[in-house]
Amino acid sequence: QVQLVESGGGSVQSGGSLRLSCAASGYTYSNHWKGWFRQAPGKEREGVAVIHNNGTTIYADSVKGRFTISQDNAKNTLALQMNNLKPEDTAMYYCAVQTMSTSPAVQPLNSMRYNYWGQGTQVTVSS
């Protein structure tokens with residue numbers, strides 16, 4: 001059974017940095033996408049950054065230039081380095097992986113592409 005466990009969340013001041021990690025078990029990285037999503041209270045879950053097994057990355061416009069996603073397929077880990085954090089980055093952050101094929105019409109940053117999710121780690125940025 002696939003399990004995803006996030007870590008690294010916390011509270012920082014605006015302009016600070018955090019590094020999120022996601023450890024996967026019961027899962028062998030396949031030729032699909034994996035990534036980070038977030039959900040703030042009262043808002044829908046949104047894609048933050050995703051990475052394909054071939055190394056291709058896609059970022060939400062709101063985090064471009066500030067966040068970096070990386071993967072270590074040998075260790076089955078996924079990371080998100082978040083720099084210059086802003087109060088609007090405050091949310092629960094989730095790691096997700098895609099293990100089944102989906103329609104090409106479902107964009108990589110669309111949560112519908114992903115079928116396994118971690119339980120989330122809270123990121124709070126104060127001004």
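In what follows, every heavy atom counts, from backbone to side chain, and hydrogens, waters and symmetry copies are set aside. Only a predicted model underlies this, so the values are computations on that prediction, with no experimental measurement involved. Counting begins at 1 with the first residue of the sequence.
A donor-acceptor pair under 3.5 Å is absent between the side-chain atoms of Thr121 and the main chain of Ser7, judged by distance alone. With hydrogens and angles disregarded, a donor-acceptor distance shorter than 3.5 Å links the side chain of Glu6 to the backbone of Cys95.
More than 12 non-hydrogen atoms from other residues, nucleotides or ligands lie less than 6.0 angstrom from CD of Glu88.
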Kindly list each side-chain donor-acceptor pair under 3.5 angstrom involving residues 13-20, sequence neighbours excluded, with atom names and distances?
| unit_1 | atom_1 | unit_2 | atom_2 | d |
| --- | --- | --- | --- | --- |
| Ser17 | OG | Asn83 | OD1 | 3.0 |
| Arg19 | NH1 | Gln81 | OE1 | 3.4 |

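By the 30° and 60° cut-offs, the orientation of the rings of His52 relative to Trp33 is perpendicular.
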Check your understanding: What do the steps show when you test Leu109 against Glu46 for side-chain contact (heavy atoms from CB on, under 4.5 Å), and what is the final call?
Key -> CA-CA 8 Å; Leu109 281 174; Glu46 63 172 348; over 6 Å; no

Review point. Do His32 and Ser101 pass the side-chain contact (heavy atoms from CB on, under 4.5 Å) test, and can you show the C-alpha distance, the side-chain angles, and the key distance before you say yes or no?
Key: CA-CA 8 Å; His32 293 308; Ser101 296; 3.7 Å; yes

Check your understanding: Going through the distances and angles, do Val123 and Met82 end up as a side-chain contact (heavy atoms from CB on, under 4.5 Å)?
Key -> CA-CA 10 Å; Val123 172; Met82 305 185 295; 3.8 Å; yes

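Summarising the geometry of Ala40 relative to Ala91, their closest heavy-atom pair is N-CB, 3.8 Å, with the distance given to 0.1 Å. When all heavy atoms are compared, the tightest approach of Tyr114 to Ala96 is CB-CB, 3.8 Å. Taking all atoms of both residues into account, the shortest heavy-atom contact from Thr102 to Gln98 is OG1-NE2, 3.5 Å.
The distance from atom SG of Cys22 to atom CG of Leu80, rounded to the nearest 0.5 Å, is 10.5 Å. With rounding to the nearest 0.5 Å, the separation of NZ in Lys34 from CG in Leu78 is 7.0 Å. Once rounded to the nearest 0.5 Å, the distance linking OG of Ser62 with CZ of Arg38 reads 4.5 Å.
Aromatic rings of Trp117 and Phe37 (six-membered ring for Trp) have centroids within the 6.0 Å cut-off, being under it.
For Lys64 and Asp61, the salt-bridge test passes: some basic side-chain N is under 4.0 Å from an acidic carboxylate O.
Exactly one residue among Val48, Ile51, Val50, Ile69 makes a side chain to side chain contact (heavy atoms under 4.5 Å, CB included) with Tyr59. That residue is Ile69.
No hydrogens or angles considered: nothing links the side chains of Thr77 and Asp72 as a donor-acceptor pair under 3.5 Å.
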